[in-house]
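Convention: sequence-line order gives letters A, B, ...; per-chain numbering from 1.
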Number of protein chains: 2
Amino acid sequence: MNYDEAKIKFVSTWGSLGSLWGINKAMAQIQALLFISTQPLSMEDIMEDLKISRGNTSMNLRQLMDWGIVTKEIIPGERKEYFTTEKDVQELARTIAQERSRREIRPVIKVLKDVSSIKDDGTEKTKELIKQTKALHDLTETADDMINKLVNQKQNWITKSLLKLIK
Amino acid sequence: MNYDEAKIKFVSTWGSLGSLWGINKAMAQIQALLFISTQPLSMEDIMEDLKISRGNTSMNLRQLMDWGIVTKEIIPGERKEYFTTEKDVQELARTIAQERSRREIRPVIKVLKDVSSIKDDGTEKTKELIKQTKALHDLTETADDMINKLVNQKQNWITKSLLKLIK
DNA sequence: TCAAACTTTCAATAATTATTGAAAGTTTAT
DNA sequence: ATAAACTTTCAATAATTATTGAAAGTTTGA
């Protein structure tokens, strides 16, 4: 496998993994491209490389900036805008985990809390609903907390945490 | 909020969260319905409750069984098949985490390993590709390991782990 | 102030993914 | 062996989601 093959394989694999953290293919591919690039890329560069339209590139870059994992780079003397992504995997993971938590998990935790707080009318089905949604609420909340704590131990969090954990 | 409202809210919220662990809406809703049901449900029951077709119900139940979170229940004297889901949240989380790892994460880890193992031809871009995909490989592999270890500590894993972790 | 260089927006369209429903398949009781 | 009761399959269709491209918007330099 040479450089070009490896690059294509990486970008497309990372793209298809987008679903894992809830972003679309083009968004994930743009991020992948920036992640292995040695210098900032312009919209033109990205469009050409991924063979996607200008509009698509623009919209997905905006989303990546909203997520906080891509930033605009001004290159002196250049008219075009250039883009870079966070290059540190730890920091990247931290940002992604936080954003997913904020956007998707926390709202669900709220619903679980509301649902599990309905008045117990004494019927079996109500008791079951309360019991099960409460269990789900507790699990989700604890898991969310844990991920955020893990991910916020900036230095080498995964390795350190693992050591502590797996006695 | 009464029982019926709470039930609808729970089922639809859980359905929309399906994307979080990579299953579709109907699948997640069926699981949600079974999760709060006091007794096993037939295909008929599910179709009626969620207002989805027989074919859809059948296909999604099969998938849930493939994931190992729903099982067929034979009720003596009954011709129909009945279904139940794993009721223990811990066990549910364990199964889901394992399946996702097997289906999606491990294959990506393999690609990252292959890509990061290409021959270093000395160019800057190749060095960067190798460096970045290797970092991603290591992170992904370690995170995957950790989740699987966490999730396999059957008894109260989250709480226990948290205690150990967050000094 | 103008126009060239560039970016954003968004309605139209394409691609993907989910859902239906009816025919085919299976199981069970008699 | 048959037919009723039930489940599965899958081609057609619908719903959703992503993508395009051209017009509108913005910024910059002369």
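Taking atom CG on B:Asp45 and atom C1' on D:dT7, their separation rounds to 15 Å, with Å as the unit. Following rounding to the nearest Å, B:Glu44 (CD) and D:dC6 (C1') show an atom-to-atom distance of 9 Å. Taking atom CZ of residue B:Arg62 and atom P of nucleotide C:dG25, one finds them 16 Å apart after rounding to whole Å. One can place CD1 of A:Ile75 at 13 Å from P of C:dC6, the figure rounded to the nearest angstrom. Rounded to whole Å, the distance from CD1 on A:Ile46 to P on C:dC6 is 15 Å. The separation between B:Glu73 atom CD and D:dC6 atom C1' is 18 Å, rounded to whole Å.
For the pair B:Glu141 and B:Lys113, the salt-bridge criterion is not met [side-chain N within less than 4.0 Å of a carboxylate O]. For the pair A:Arg100 and A:Asp144, the salt-bridge criterion is not met [side-chain N within less than 4.0 Å of a carboxylate O]. B:Glu128 and A:Lys87 are joined by a salt bridge, as a carboxylate oxygen and a charged side-chain nitrogen come within less than 4.0 angstrom of each other. Of the charged side-chain nitrogens involved, at least one lies within less than 4.0 Å of a carboxylate oxygen, so that A:Glu99 and A:Arg102 count as a salt-bridged pair. Salt-bridge formation is detected for the pair A:Glu91/A:Arg94: a Lys NZ or Arg NE/NH1/NH2 atom is positioned less than 4.0 Å from an Asp or Glu carboxylate oxygen.
Ring-plane geometry between B:Phe35 and B:Phe10 is classed as tilted, the angle between the planes lying from 30 to 60 degrees on a 0 to 90 degree scale.
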5' to 3', nucleotides 16-21 of chain C under a 4.0 Å protein heavy-atom cut-off (B base, S sugar-phosphate only, - none) gives --SSBB
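Near-neighbour residues of DNA chain C inside residues 77-85 of chain B, defined by a heavy atom below 4.0 Å, number-ordered: B:Arg79.
Remark: D:dT19 base-pairs with C:dA12. Criterion, Watson-Crick or G-U wobble with two distances under 3.5 Å.
Shown here for B:Ala26 and B:Asn60, the closest heavy-atom pair between the two residues is CB-OD1, 3.6 Å.
Judged by the 6.0 Å and 45° rule, B:Arg103 forms a cation-pi pair with B:Trp67.
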